[in-house]
Amino acid sequence: MFDVCVVGLGPAGRGLAHRCTTAGLRVAVVDPRPDRLWAPTYGAWTDELPDWVPSQVVAVEVAKPIVYTPNLRIVDRPYAMLDKAELFKTLTLDGATVYADRAVDITPDTVRLAGGTEIAARVVIDARGLPAPGKRPAAWAHGIFVDADVAAPFVPPGECVLIDWRLQNGTTNADPPSFLYAVPIGDGTVLFEEVCQGIPGGLSQTELRRRVISRLEANGVHLNGEEEAESCHYALDQAPPPIRHKGEVFPYGARGGLMHPCTGYSAAHSLRMADRVVEAILSDTDPARALWTTRARLVYWMRMRGLAGIGRLTNDQSAATFDSFFRAPLRQQQALLSEHEDVVGIGSVLVNTVHHTWPFRWRFDLVGWTHRKRWVRN
Ligand SMILES: Cc1cc2nc3c(=O)[nH]c(=O)nc-3n(C[C@H](O)[C@H](O)[C@H](O)COP(=O)(O)OP(=O)(O)OC[C@H]3O[C@@H](n4cnc5c(N)ncnc54)[C@H](O)[C@@H]3O)c2cc1C
């Protein structure tokens, strides 16, 4: 009998299992490939990382990231690209029993593995990541890793472009919008990623790739065709566990409502929330209740409103809305982007963003009074 069994060793499950072992709990972990390094390149606001994560986990830090709306906005908040190998090493599982297998049946106190083993635990945590997105609101992205020297005319050393809404991607305002995310990742390359979020049906990898290449050409960056690429398509609306949850399997990480509906990020937030779950387990209280307070649920609900709003705008409207958002005080921006329970902050920034979006009539699209189904295809 273990205290905790964590199923899934992505950053969320591994981080939580690590903190459980550090707290002296008897821990079992399950993943078909527990030693495999994660595939995505993770970015986060530096202040989102918990204190117990050492600084070498940050591969690159940019003090003042840039946003184009199309005005140039400078965000006075450091942004980090994580060294995932270093993070993986930090999240040790010393003392945990590791099962390299796939869980096929998960109940509140047992986990059955494909190989037939049954693990009993006081608390079972489901950190298996997201189920397939199907037709749910999702993030689609295509990224190309370009040599930093080649990328310098667009993203000089020490800089990054978090969001670029300039219409340099070969589209017009009549096309479903996407933005560029361009960050140095710490291995001598810069990742240029075209991202489409919340648009019903999304965009194909071919279209996203075409858009990145247009932007690179427009900014004097020419590819040789040998560059590595990454792609992604995942759901943004994986909800927290329901309120009447006691006695159920506890879902954590992207699987348990920690995937941010507007940014598509969850890695740093899952690390930051781990200790709250550990405390609940130690004190034999419901971890779902400890993590998903009324305020946290309200924040999640407001972020979902944000996702719905983003998904019906044109490129020009998105640019205007983001411009309004990035003019808000930093604390309000942080409430929407990162804070788990800052209801006042997120409420203020949402109202502020709508209020300062110009021209006036675009606000009706943003709140869904007009053009509610703009990008819905029959
Ligand atoms: C290309 C790309 C770029 C991204 N960039 C960022 C970023 O910059 N910042 C960010 O925060 N997020 C980013 N994301 C989103 C990111 O994937 C998630 O935030 C993060 O990986 C979620 O972590 P997780 O541990 O909850 O789930 P996952 O990382 O999905 O991990 C789930 C784990 O569960 C295991 N598992 C699945 N089924 C079973 C089973 N039946 N039995 C046992 N184990 C199982 C899997 O093997 C896996 O190890 C990106 C995603 C992609 C695809």
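For ligands, and for the atoms within them, numbers begin at 1 and follow the listed sequence. For the numbers below, each heavy atom of this structure counts, side chains included, while hydrogens, waters and symmetry mates do not.
No side-chain heavy atom of Leu337 sits under 4.5 Å from any side-chain heavy atom of Glu48. Contact of the Glu228 side chain with the Thr189 side chain is not registered, since no non-hydrogen atoms from C-beta on lie closer than 4.5 Å. Side-chain contact between Asn219 and Arg166 is present, with at least one heavy-atom pair separated by less than 4.5 Å. A 4.5 Å side-chain heavy-atom check between Gln238 and Arg136 finds at least one atom pair inside the cut-off. A 4.5 Å side-chain heavy-atom check between Met273 and Tyr252 finds at least one atom pair inside the cut-off. Two residues are said to be in side-chain contact when any heavy atoms from C-beta on lie closer than 4.5 Å; Val221 and Val150 meet this criterion. Using a 4.5 Å heavy-atom threshold, the side chains of Arg14 and Leu87 count as separate.
Within ligand 1, counting atoms from 1 as listed, the ones closer than 4.0 Å to a heavy atom of Glu230 are 1 (C), 3 (C). Close approach of ligand 1 to Val7 (heavy-atom distance below 4.0 Å) involves ligand atoms 42 (N), 43 (C). Less than 4.0 angstrom separates some heavy atom of Val30 from each of these atoms of ligand 1: 43 (C), 44 (N). Short contacts between ligand 1 and Thr41, defined as distances under 4.0 Å to a heavy atom of the residue, involve ligand atoms 5 (N), 6 (C), 7 (C), 8 (O). For ligand 1, the atoms closer than 4.0 angstrom to any heavy atom of Ala12 are 24 (P), 25 (O), 26 (O). Of all the atoms in ligand 1, the ones that sit under 4.0 Å from a non-hydrogen atom of Ala254 are 22 (C), 26 (O). Ligand 1 places these atoms under 4.0 Å from at least one heavy atom of Gly43: 7 (C), 8 (O), 9 (N). Counting the atoms of ligand 1 from 1 in the order shown, those under 4.0 Å from a heavy atom of Gly253 are 26 (O).
The closest donor-acceptor contact from the side chain of His260 to the backbone of Arg303 lies at 3.5 Å or more, if one exists at all. Side chain of Arg363 to main chain of Thr357: a donor-acceptor pair is present (N/O by atom type, distance under 3.5 Å, no hydrogens or angles). In this structure, Gln333 contributes its side chain and Phe326 its backbone to a donor-acceptor pair below 3.5 Å.
Residues meeting the side chain to side chain contact (heavy atoms under 4.5 Å, CB included) test with Pro200, sequence neighbours left out: Trp375, Val376.
Given atom 21 (O) of ligand 1, the protein heavy atom at minimum distance is Tyr42 OH, 2.9 Å. Of all protein heavy atoms, the one lying nearest to atom 2 (C) of ligand 1 is Pro40 CB, 3.6 Å. Here the protein heavy atom with the shortest distance to atom 48 (C) of ligand 1 is Asp31 OD2, 3.5 Å. Of all protein heavy atoms, the one lying nearest to atom 53 (C) of ligand 1 is Cys232 CB, 3.1 Å. At the top of the distance list for atom 31 (O) of ligand 1, counting protein heavy atoms only, stands Gly10 CA, 3.3 Å. The nearest heavy-atom contact from the protein to atom 34 (O) of ligand 1 is Gly8 CA, 3.3 Å.
For Gly264, the closest heavy-atom approach to ligand 1 falls below 4.0 Å. Under a 4.0 angstrom heavy-atom cut-off, Pro32 registers as being in contact with ligand 1. Residue contacts with ligand 1 do not include Trp38, since none of its heavy atoms lies under 4.0 Å from the ligand. Using a 4.0 Å heavy-atom cutoff, Met259 is listed among the residues neighbouring ligand 1.
Checking only distances, Ala103 does come within under 3.5 Å of ligand 1, N or O to N or O. At a 3.5 angstrom cut-off on N or O pairs, Ser266 counts as close to ligand 1. Residue Arg255 places no N or O, backbone or side chain, under 3.5 Å from any N or O of ligand 1.
Proximity annotation for atom 29 (O) of ligand 1: of Pro11, Gly129, Gly15, Pro11 comes nearest, heavy atoms only. The option with the heavy atom closest to atom 14 (N) of ligand 1, from among Tyr234, Tyr252, Tyr181, is Tyr234. The option from His142, His269, Arg128, Arg36 that lies nearest to atom 45 (C) of ligand 1, judged by heavy atoms, is Arg128.
Both tests hold for Arg305 against Trp301: distance to the six-membered ring centre under 6.0 Å, angle to the ring axis within 45°.
At a heavy-atom cutoff of 4.0 Å, ligand 1 is contacted by the backbone of Ala127 but not by its side chain. Of all the heavy atoms of Leu9, the ones lying under 4.0 Å from any atom of ligand 1 belong exclusively to the backbone. Looking at Leu258 against ligand 1, nothing comes within 4.0 Å, counting heavy atoms.
Taking all atoms of both residues into account, the shortest heavy-atom contact from Pro177 to Arg211 is C-NH1, 3.8 Å.
Counted by atom type alone, His269 and Ser338 present zero donor-acceptor pairs between their side chains at under 3.5 Å.
A salt bridge links Arg331 with Asp342: the closest approach of a Lys/Arg side-chain nitrogen to an acidic carboxylate oxygen falls below 4.0 angstrom. Ion pairing of Arg210 with Glu207 is present here, as a side-chain N (NZ or NE/NH1/NH2) and a carboxylate O approach within less than 4.0 Å.
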